[in-house]
Novice: 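Supplied in structure tokens, the structure appears directly below.
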Amino acid sequence: MTYTQTVKIANFIRNSPALSAIFKPLARVYVRLSGYRNMGLRFHDIIIEETPEMQRAIHRLPSDEAYKRQFRQIRAHQCGITQHILPPNERITDATDIPYLKKNILQTEKEAAERLELDNIFVKR
Amino acid sequence: MKTPSMSRAASTLVEKTLLGVKSTAIPGSGPTSTVSVVIRGGSKFESASGAAHVLERFAFQNTAKRSGLRLTRETELMGGQLSHYHDRESIVLTAKFLRQDLPFFVELLGDVVGSPSLDDFELVETVWPLAILESRAADAVPSNTALELAHSVAFRKGLGNPRLVDPDSDHVSIENVRDHFAATYTKANIHIVGNDVDTEVFQQLVESAFGSIPEGTAVSAPTPAAFHGEARVKSTAGNAFTLAYPLIGADASPAAAVLGYALGGIPAIKWATSSASIPTGAAEVSPFVSTATGYASYANAGLLHFSVTGPYSAASSVSAAAKKAASVIKSAPSSLSDDVIKRAIAQAKFAAASAVDSYEGTNWAVGTKGLGLGSVDTAAFDKVTPDAVKAVAKKIAEATPAVAAVGKIFELPHTDEL
């Protein structure tokens, strides 16, 4: 499933009060239990990045954003090695878990989809 | 068969300004049409070095309406060709296509000129690598580098701005490019030329495609002024030695171009040497040394340049040929015969006419003329007299040239040694 599809599903859930009522508390529990925030990571730091689209999206980050992303990842590795989690004031919260790659991923996935479409286009003349 | 374009263009072109957009239609009924957008926005007018080159390279990339990929693929499907280039004074975007596709391509050009995305990532991912590639390719030819340096010495600002980006510099920033775009891609600075089109249809399409771009004001560059001096750059790609004479105002006339042909000539047969004095002199020195003479014509200015080039190992031959060329230029006022000048007028007229005798060439000539930039007027060569050419020769013989030496600079001569 591409990130674009995920975003579409998320928007569908957000627009429906009934679905929101079910999924939002579930999502909160999921995020808390997965624990990445305790290691100082944002959700967008742990999306699988070994795809051409993600590579391009990361490459398009401004240099300071890219540096901060690397810093968070190295810090999380350090936490992993030393079997610690960060002190509460350094952990990522709802407010700081920013989807900073959203625009870039949507953009690069759109480009890839367009290329796929144009490569396979059948023109009726 | 096409008739010589300038004469045809002069008799039939239909110029019109609609909603502030200047356009010229050249009617015709051939199978293909060629539409060019000529923009007063070459390197002469840029405020940050390299902005014009990068902006030109941004042509046919993403726009607000479609991506660069879609634009290219659609052109492939329709059967057309998109091209773009820039020089010191103008940026030219051209679409060549089958006659019936006129509406699509005029709309496309309107989109490309009116609403390019100019995104930072495009600059980094596609535009900048191509720009430095182009610049490095040009720098690999010593005579190009020498001519570039000669412009910089002869004019300093404006026309002296480097035509291409400096590949070793920092990026030209996207803000520089956006500034240059905002200043130049405006109604006041563009002229649209449709060649071999249905006049009325073309004008209506231009109106709807370009009607909404900003009004803007005509960009200006520093008034050209002539300087002399010397630039020496080491290179292992070969040797090039250029003597350049900047001409300002009334001096920048077709007579100067004719003088170039009188002294430098063009060979009438491929691989041969012209019988004019500078190439003959060089051929006597060494068969590996070649010469090139040219006259670059700009608005209110021109640069007459004589180059001697040779391989890296032939620096001494290049030096000897350069000294010979300098003495030919110095003795030109007394040695030029009327016969040589008449031959040179014919050569200059042919070269000028042949350069604009294509759809793209005609579009460039009509567009630059419409914008008041340096252009080609074939008819002007008929009015050149031998006396006018001799007057230019006298002026140049007394002037100090702008000199550029590229290659083995410790062997190539200095200006005072010529």
Side-chain angles (χ1 to χ4, degrees), chain A residues 1-8 11 42-74 98-125, chain B residues 31-32 54 57-82 97-105 107-108 111-112 115-132 169-178:
Chain A
M1 186 159 60
T2 63
Y3 183 77
T4 313
Q5 287 165 329
T6 316
V7 169
K8 264 188 194 154
N11 285 343
R42 294 177 180 177
F43 182 65
H44 278 201
D45 296 339
I46 55 172
I47 300 178
I48 188 162
E49 65 175 68
E50 287 80 5
T51 64
E53 292 78 37
M54 270 303 281
Q55 287 297 311
R56 272 212 305 285
I58 294 166
H59 192 241
R60 286 178 191 181
L61 283 174
S63 53
D64 60 331
E65 286 271 7
Y67 175 83
K68 284 177 189 160
R69 173 186 160 91
Q70 273 199 333
F71 171 77
R72 288 191 300 271
Q73 287 178 336
I74 292 168
I98 301 158
Y100 63 99
L101 269 173
K102 185 175 175 182
K103 185 174 142 254
N104 291 11
I105 306 176
L106 290 178
Q107 193 179 44
T108 54
E109 286 192 347
K110 194 177 157 207
E111 284 169 17
E114 187 182 40
R115 184 173 284 275
L116 197 67
E117 181 208 330
L118 287 168
D119 279 348
N120 296 294
I121 200 165
F122 187 78
V123 186
K124 282 186 190 154
R125 290 183 195 268
Chain B
T32 64
V54 175
R57 279 254 141 238
F58 256 109
F60 308 119
Q61 297 290 333
N62 295 352
T63 71
K65 275 189 212 154
R66 58 192 133 199
S67 69
L69 178 73
R70 181 170 294 272
L71 189 153
T72 317
R73 292 290 175 90
E74 279 176 351
T75 307
E76 278 177 4
L77 285 172
M78 310 282 275
Q81 211 169 43
L82 306 172
F97 45 85
L98 291 169
R99 194 173 183 79
Q100 71 270 16
D101 299 332
L102 182 69
F104 174 79
F105 282 97
E107 194 269 328
L108 184 148
D111 191 19
V112 166
S115 55
S117 314
L118 302 180
D119 273 323
D120 203 359
F121 70 84
E122 272 182 296
L123 177 65
V124 177
E125 287 174 16
T126 43
V127 175
W128 182 254
L130 286 171
I132 58 172
S169 76
D170 287 348
H171 275 200
V172 172
S173 78
I174 194 71
E175 283 75 27
N176 297 150
V177 180
R178 285 184 191 140

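Per chain, numbering begins at 1; letters A, B, ... match sequence-line order.
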Novice: With sequence neighbours excluded, give me every salt bridge (charged side-chain N to carboxylate O under 4.0 Å, His left out) pair touching residues 98-110 of chain A.
Specialist: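 Residue pairs with at least one partner in residues 98-110 of chain A: there are none.
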Novice: Please check if any side-chain donor atom of B/Ser67 sits under 3.5 Å from a side-chain acceptor atom of A/Glu111, or the reverse.
Specialist: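 No.
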Novice: Do A/Glu117 and B/Arg70 pass the salt bridge (Lys or Arg N to Asp or Glu O under 4.0 Å) test, and can you show the C-alpha distance, the side-chain angles, and the key distance before you say yes or no?
Specialist: CA-CA 10 Å; A/Glu117 181 208 330; B/Arg70 181 170 294 272; 3.3 Å; yes
Novice: Do any of residues 71-82 of chain B come closer than 4.5 Å to chain A, heavy atom to heavy atom, and if so which ones, in number order?
Specialist: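 Counting heavy atoms that sit under 4.5 Å from chain A, the residues of residues 71-82 of chain B involved are B/Arg73, B/Leu77.
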Novice: Would you mind reporting whether B/Phe121 and A/Gln107 have side-chain heavy atoms less than 4.5 Å apart?
Specialist: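 Answer yes - side chains close enough.
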Novice: What do you reckon, is CD of A/Gln70 surrounded by more than 12 foreign heavy atoms closer than 6.0 Å?
Specialist: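 No, the 6.0 Å shell around CD holds no more than 12 heavy atoms from other groups.
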Novice: Do other residues, nucleotides or ligands put more than 12 heavy atoms under 6.0 Å from the CZ atom of B/Arg99?
Specialist: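 Check passes, neighbour count above 12.
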Novice: Are B/Val124 and A/His59 packed together at the side-chain level, in the sense that at least one heavy-atom pair is separated by less than 4.5 angstrom?
Specialist: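 Yes, side chains in contact.
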